[in-house]
Amino acid sequence: SQLDNVHVRVVAAGSGRATIEATYVASGELKLPWRPKISPWSGKISYDVSPVTGLVVAQTDVWNITRFDAIRQTFTPGSTSRR
């Protein structure tokens, strides 16, 4: 699997809370016995960081594919050759 076009930024939010946002394009071949190939898809992940503890208090992940497509690709056999 691989990530391309990764962009990360820190966004100031209300109440002193900061949000870390990353956008990316993921693709590749999963390391499962049937070697499913995953077509490129883009996503955005956001982490809300507590101003008090500095710890992540919330995470949101958004993809441009449906859950069904993600599962379908995971269980669709790809190349059976090992590299």
Side-chain angles (χ1 to χ4, degrees):
S1 298
Q2 66 184 45
L3 291 176
D4 294 310
N5 299 325
V6 177
H7 301 282
V8 179
R9 67 187 186 126
V10 177
V11 181
S15 304
R17 181 179 284 184
T19 299
I20 302 168
E21 295 180 346
T23 57
Y24 55 88
V25 175
S27 64
E29 186 176 271
L30 298 180
K31 294 181 180 179
L32 295 170
W34 56 94
R35 310 298 282 179
K37 181 168 176 52
I38 305 301
S39 299
W41 55 274
S42 60
K44 176 181 175 184
I45 191 164
S46 300
Y47 297 102
D48 291 337
V49 180
S50 166
V52 176
T53 63
L55 299 175
V56 173
V57 294
Q59 173 192 335
T60 305
D61 205 356
V62 179
W63 301 345
N64 77 335
I65 61 171
T66 66
R67 291 179 185 114
F68 174 77
D69 284 339
I71 292 170
R72 180 186 52 77
Q73 288 186 44
T74 300
F75 290 101
T76 301
S79 171
T80 57
S81 62
R82 301 267 177 182
R83 292 182 195 156

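- When side chains are defined from C-beta on, I20 does not count as touching V56, because their heavy atoms never get closer than 4.5 Å.
- The CG atom of L30 sits 5.5 Å away from atom OG1 of T74, with the distance rounded to the nearest 0.5 Å.
- Legend: residues meeting side-chain hydrogen bond (donor to acceptor under 3.5 Å, both in side chains) with S39, ordered by chain and number and at least two apart, are absent.
- Hydrophobic clustering places I38 together with L32 (ILVMFWY residues linked when any side-chain heavy atoms are closer than 4.5 Å, directly or through intermediates).
- R67 pairs by the side-chain contact (heavy atoms from CB on, under 4.5 Å) definition with nothing, not counting sequence neighbours.
- Pairs engaging residues 37-60 under the ring pair (Phe, Tyr, Trp, His ring centres under 6.0 Å) rule: Y24-W41, W41-W63 [sequence neighbours left out].
- In the hydrophobic clustering of ILVMFWY residues, with side-chain heavy atoms under 4.5 Å counting as a link, V52 and V57 come out apart.
- In terms of heavy-atom proximity, K37 sits nearest to Q73 at O-OE1, 3.9 Å.
- Checked against side-chain contact (heavy atoms from CB on, under 4.5 Å), V62 has the following partners two or more places apart in sequence or in another chain: T60.
- When all heavy atoms are compared, the tightest approach of R72 to T76 is O-OG1, 2.6 Å.
- Partners of E21 by side-chain contact (heavy atoms from CB on, under 4.5 Å), not counting sequence neighbours, listed by chain and number: R9, V11, T19, K44, S46.
- Linking Ile, Leu, Val, Met, Phe, Trp and Tyr whenever their side-chain heavy atoms come within less than 4.5 Å leaves F75 and F68 in two separate clusters.
- For residues 48-59, no residue pair satisfies the salt bridge (Lys or Arg N to Asp or Glu O under 4.0 Å) rule, not counting sequence neighbours.
- Under the side-chain contact (heavy atoms from CB on, under 4.5 Å) criterion, S27 pairs with Q2, P40, not counting sequence neighbours.
- Remark: S42 pairs with N64 by the side-chain hydrogen bond (donor to acceptor under 3.5 Å, both in side chains) rule, at least two apart or across chains.
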